[in-house]
2 protein chains.
Amino acid sequence: MSFTYKYPRPALAVDCVIFGFDHTQETPELQTLCIERNIAPFKGKWALPGGFVQMDETLDAAAARELKEETGIENVYIEQLYTFGAPDRDPRGRTVSVAYVALVNLEKHHLDAGTDAKSAAWFPINKLPILAFDHKLVVKTAIERLRGKVRYQPVGFELLPDEFTLSELQMLYETILERTFDKRNFRKKIDGYGLLIETGGMRRGKPNRAAKLYRFDSKRYKALEKHGFLFEL
Amino acid sequence: MSFTYKYPRPALAVDCVIFGFDHTQETPELQTLCIERNIAPFKGKWALPGGFVQMDETLDAAAARELKEETGIENVYIEQLYTFGAPDRDPRGRTVSVAYVALVNLEKHHLDAGTDAKSAAWFPINKLPILAFDHKLVVKTAIERLRGKVRYQPVGFELLPDEFTLSELQMLYETILERTFDKRNFRKKIDGYGLLIETGGMRRGKPNRAAKLYRFDSKRYKALEKHGFLFEL
DNA sequence: TTAAGTTAGTGTAAAATTAACACGAACAAA
DNA sequence: TTTGTTCGTGTTAATTTTACACTAACTTAA
C-alpha cells in the first residue's frame with residue numbers, strides 16, 4: 001500500500017456504553033456494563049468494553065466485535081455516540097476512541113454468556129465505580145444522548161424484551177427520563193402512534209391482574225418514518 | 001514514549017462541513033464551503049476542508065485549525081458531527097475521519113480572507129458539485145443533524161449577523177427546515193422565549209418600512225439552559 | 001371458598017397550546 | 001404625492017395536553 005501520509009498517527013479504539021434495563025425489578029434502574037481490566041494501564045480498574053480498530057473493519061464492525069468478544073453480547077441495537085480525542089486520555093500514548101452506545105434487555109443478556117464474563121459486571125448508572133481513562137465522561141455523554149434520543153425516536157423498546165406490558169414500557173420511560181407519567185395519558189399517547197401490536201399473550205405470575213403483552217411494530221415504524229413521521233414522548 | 005499497541009493504525013483526519021447563510025438575499029439558500037483539491041487523490045475535485053490530526057492536539061483543535069488554514073474562518077460555532085470509518089473511503093489507505101459542522105454568516109466571512117482562498121467556493125446544498133471521498137455522505141449527515149438540532153436548540157443565530165431582524169430569523173428557519181411559518185405565530189413564539197434583545201438599531205436601505213434589529217441573549221440562554229429550559233421551534 | 005391485596009385497564013372535562021387569519025404603519029423610489 | 005413593498009400587531013377556533021378515580025382481574029393467604 002502506498003500511503004502519502006506517514007506522520008505519527010494516534011491509535012484508534014472503540015468503546016461501548018452498554019445500557020441494560022431489567023423490567024422484572026420493582027424499581028428498575030438503568031445499568032451499564034463494565035469490565036475489570038486485567039492489563040495495564042488501569043489494571044484491576046473498571047472500564048468500558050472496547051479495543052483497537054483493525055485495519056480492515058468499519059467502526060461499527062469494530063464496536064460490534066469488541067462488544068461480542070468482551071461481553072458475549074451480539075445482535076443488539078448499537079449506534080455511534082461521539083469520538084473522544086483528548087491527547088492525554090490514554091497514558092500509553094495518543095489514543096482516539098470512537099464511543100458507541102448499545103441497548104440491551106438485562107434478562108436476555110446474562111453475563112455468563114460472555115467469553116470473558118467473570119470480570120464483567122452491571123452497575124446502576126447512579127452507582128458507577130471509578131472508571132479508567134475518560135470513561136466517566138463517555139458514560140455521561142451516553143446518558144445525555146439516550147435521554148435526548150428516547151423522547152423523539154422509539155429506541156426504548158430495545159431495552160425491553162420482545163414482548164412487554166404497557167406498565168413495563170411506562171416504567172422504562174420513567175426510569176430513563178427520571179419523571180413520572182400519568183398512566184392513562186401515557187397509554188393514550190402510545191396508543192395513538194399505532195406502533196404496538198397485541199401478541200395475545202399475558203404477563204402472569206404476579207399476585208394481581210394479568211397484563212396484556214405487546215410487541216413493537218418496527219416494520220410499520222420504518223414505513224412511517226420515511227414519510228416524515230414524528231414520534232415524540 | 002512506550003506504547004504497547006504497535007499494530008498498523010488508520011490515519012486520522014478531520015473534515016468540516018461549513019454551513020453559510022446569506023441573510024441579504026431575497027431567497028437565501030443554505031450553502032456549504034468546498035475546497036478544490038490541488039493534490040492527489042481527487043486532484044482538481046471539490047472536497048470538504050480538512051486534514052490530518054496532529055499528535056498533540058485535540059480533535060476540536062484540529063478541526064478549528066484546518067478550518068482556519070484552509071478557509072481563513074475562525075472563532076465560529078463548531079461541533080463534532082460523526083466519525084466516518086469505511087475501510088475504503090480513502091484510496092491512499094485506511095483513513096478515519098472525524099467530521100465537524102461549523103455555522104457562519106456568509107456576509108461576515110468573505111472568501112478572500114482565507115489563506116488558500118482562491119480554490120474555495122460556496123455551493124447551495126441543493127447544488128453541490130461531485131465531492132471527493134465520502135464527503136457527499138458527510139454533508140448529508142450534517143444537514144440532517146442541523147435540521148434536527150435547530151429545532152430544539154437555538155443554534156440558528158450562529159448563521160445570522162450579530163444584529164438581525166425577525167424577518168431574517170424567520171427566513172433562516174424557513175430555509176433550513178424547508179417549510180413556512182406564520183409571521184405572527186412565529187414572532188409570538190420567539191418573543192415568548194425572551195431570548196432576544198432589541199439593540200435599538202433599525203435595518204434600513206430597502207424601499208420599505210425599516211425593521212427593528214435584535215441580538216441573541218446568549219447569557220440568558222446559558223442561565224436558563226442549566227435549569228432544564230427547553231427551546232423548541 | 002372467600003377475603004385481602006395489588007396491579008390492569010379505562011373516559012371525561014378543564015387548561016394550555018397551536019393554528020388560522022387581515023390590515024394599517026413606515027419607508028424608499030419614482 | 002403616489003406607489004410598491006415589508007414591518008408590526010390580536011383574536012378566535014381547533015387541537016393537544018393535563019388532571020383525575022374507579023372497577024376488573026389475578027394471586028395468596030386465611
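Excluded from the calculations below are hydrogen atoms, water molecules and symmetry mates; all remaining heavy atoms, backbone and side chain alike, are included. Note on naming: letters A, B, ... go to the chains in the order of the sequence lines (proteins, then strands), and numbering restarts at 1 for each one.
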Is a side-chain donor-acceptor pair under 3.5 Å present for A:R89 with B:T58?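 A:R89 and B:T58 do not have a side-chain donor-acceptor pair below 3.5 Å.
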Nearest-Å distance, [atom1] ([X]) to [atom2] ([N])?
{"X": "A:F186", "N": "D:dT17", "atom1": "CZ", "atom2": "P", "value": "14 Å"}
{"X": "A:N208", "N": "D:dT23", "atom1": "CG", "atom2": "C1'", "value": "15 Å"}
{"X": "B:F164", "N": "D:dC7", "atom1": "CZ", "atom2": "C1'", "value": "16 Å"}
{"X": "A:M202", "N": "D:dA24", "atom1": "CE", "atom2": "P", "value": "15 Å"}
{"X": "A:K188", "N": "D:dT15", "atom1": "NZ", "atom2": "C1'", "value": "13 Å"}
{"X": "A:L213", "N": "D:dC26", "atom1": "CG", "atom2": "P", "value": "13 Å"}
{"X": "B:L196", "N": "D:dG8", "atom1": "CG", "atom2": "P", "value": "12 Å"}
{"X": "B:E198", "N": "D:dG8", "atom1": "CD", "atom2": "C1'", "value": "11 Å"}

Quick check against the 3.5 Å criterion: does B:R215 have a side-chain atom that pairs as donor or acceptor with the backbone of B:L196?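 Answer holds: no.
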Remember a base hit wins even if backbone is also touched, and classify [X] as base, sugar-phosphate or nothing at under 4.0 Å, heavy atoms.
{"X": "A:K212", "answer": "sugar-phosphate"}
{"X": "B:K183", "answer": "base"}
{"X": "A:K206", "answer": "sugar-phosphate"}
{"X": "A:S167", "answer": "sugar-phosphate"}

In terms of side-chain geometry, is the basic nitrogen of A:E232 or A:K189 positioned less than 4.0 Å from the acidic oxygen of its partner?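 The answer is no: the pair does not qualify as a salt bridge.
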5'-most by nearest nucleotide on DNA chain D - B:D182 or B:P207: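 Comparing both residues, the 5'-ward one is B:P207.
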Angle class for the [X]/[Y] ring planes (parallel below 30°, perpendicular above 60°, tilted otherwise)?
{"X": "B:F216", "Y": "B:Y221", "value": "tilted"}
{"X": "A:F181", "Y": "A:Y173", "value": "perpendicular"}
{"X": "A:F157", "Y": "A:F231", "value": "perpendicular"}

Going 5' to 3' on DNA chain C, which nucleotide is the first and which the last to come under 4.0 Å of a heavy atom in chain A?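 For DNA chain C, the relevant span reads C:dG5 to C:dT12.
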To the nearest 0.5 Å, what is the distance between CD1 on A:I18 and CG on A:L103?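 Atom-to-atom, A:I18:CD1 and A:L103:CG are 10.5 Å apart.
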Of A:E168 and B:R184, whose nearest nucleotide on DNA chain C comes first from the 5' end?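 On the 5' side of the pair lies A:E168.
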